[in-house]
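The figures that follow rest on heavy atoms only: side chains count, while hydrogens, waters and symmetry mates do not.
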Amino acid sequence: MTQTLADLRKISDAEDYFRFFNLAFDQQVVNVNRLHILKKFSQYMTEIDETFSDLTEAEKLVKYSEALQSAYNLFLSSNAVEQKLFKVFNDKPKNVVMLSDIKID
């Protein structure tokens with residue numbers, strides 16, 4: 001059965017993306033980093049769409065598969081705090097004075 005972009009758009013679970021592209025994955029890695037892997041995958045997909053606008057559907061699916069593998073691999077050696085993909089990791093806490101902000105005269 002041939003996979004299509006329409007089929008890809010119907011997927012909502014991280015595991016289903018890996019199955020769609022027939023990629024091996026460690027369930028524990030996905031459980032811990034699910035949203036971060038999907039966020040990074042989404043960023044990669046956007047880059048692919050912007051950079052390779054002339055790809056055929058089949059070529060685009062190959063690039064997306066590589067992008068998912070790259071997103072997954074990133075979290076084999078990194079973590080959510082290091083990657084800072086979500087706003088919460090980039091916002092300064094409110095009503096908190098950081099030690100680095102304190103200056104002694």
Side-chain angles (χ1 to χ4, degrees):
M1 183 173 137
T2 303
Q3 307 282 24
T4 67
L5 289 173
D7 296 329
L8 180 66
R9 289 186 188 103
K10 295 176 188 173
I11 298 174
S12 60
D13 295 329
E15 292 84 353
D16 290 339
Y17 282 105
F18 286 97
R19 288 185 203 104
F20 178 86
F21 290 117
N22 198 28
L23 298 174
F25 64 95
D26 180 332
Q27 186 66 55
Q28 185 160 350
V29 172
V30 173
N31 287 345
V32 171
N33 298 293
R34 172 181 316 279
L35 294 177
H36 300 89
I37 292 170
L38 292 177
K39 176 71 170 181
K40 193 64 178 175
F41 176 46
S42 174
Q43 289 175 344
Y44 287 153
M45 288 174 67
T46 299
E47 289 175 22
I48 290 165
D49 291 343
E50 291 172 355
T51 306
F52 303 101
S53 60
D54 59 339
L55 292 178
T56 66
E57 185 169 319
E59 292 169 330
K60 193 172 274 197
L61 287 170
V62 168
K63 290 276 189 198
Y64 287 169
S65 176
E66 293 167 354
L68 179 58
Q69 187 67 59
S70 293
Y72 174 79
N73 289 344
L74 181 64
F75 288 95
L76 292 176
S77 60
S78 186
N79 62 51
V81 175
E82 290 174 348
Q83 293 304 311
K84 299 183 188 309
L85 295 173
F86 290 96
K87 186 177 184 291
V88 67
F89 291 111
N90 294 308
D91 287 348
K92 260 190 159 180
K94 294 181 175 149
N95 301 324
V96 174
V97 176
M98 305 300 285
L99 289 175
S100 59
D101 293 340
I102 299 174
K103 297 189 176 27
I104 299 174
D105 289 334

Problem - Side-chain heavy atoms of Y72 within contact of V30, under 4.5 Å - result: yes
Handout entry: Verify same cluster id: L61, F52 (apolar side-chain graph, 4.5 Å)
Key = yes
Practice task
Find out whether the Lys NZ or Arg CZ of K40 is both under 6.0 angstrom from the six-membered ring centre of F75 and within 45° of the ring's axis.
Solution key: no
Handout entry: Side chain proximity check, E15 to N31, heavy atoms < 4.5 angstrom
Key = yes
Handout entry: Q69 side chain vs L23 backbone, donor-acceptor pair below 3.5 Å
Key = no
Problem - Heavy-atom side-chain proximity of L8 to F21 below 4.5 angstrom - result: yes
Exercise for the section: Say whether M45 and L5 are linked into one hydrophobic cluster, either directly or through other cluster members, by side-chain heavy-atom distances under 4.5 angstrom. Expected result: yes
Practice task
Hey, could you give me the CG/CG distance between D26 and L76, rounded to the nearest 0.5 Å?
Solution key: 8.0 Å
Exercise for the section: Working to the nearest 0.5 Å, report the span between CZ of F18 and CG of D13. Expected result: 12.0 Å
Handout entry: Taking every non-hydrogen atom, the tightest pair across E59 and L55
Key = OE1-CA, 3.5 Å
Problem - N73 and S70: side chain donor to acceptor below 3.5 Å - result: no
Completion exercise
Note: Y17 and I11 closest approach over all heavy atoms is OH-O, 3.2 Å
Practice task
Measure the spacing between OH of Y64 and CZ of F41 and express it to the nearest 0.5 Å.
Solution key: 8.0 Å
Exercise for the section: Could you tell me which residues satisfy side chain to side chain contact (heavy atoms under 4.5 Å, CB included) with N22, sequence neighbours excluded, listed by chain and number? Expected result: none
Handout entry: Side-chain touch I37/L68, heavy atoms, less than 4.5 angstrom
Key = yes
Problem - More than 12 heavy atoms from other groups under 6.0 Å of CD on Q27 - result: yes
Problem - Minimum heavy-atom distance D16-R19, with the two atoms named - result: OD1-NH1, 2.7 Å
Practice task
Measure the OG1-CD distance between T46 and E50 for me, rounded to the nearest 0.5 Å.
Solution key: 6.0 Å
Handout entry: Within-4.5 Å side-chain heavy-atom neighbours: K60 and D49
Key = yes
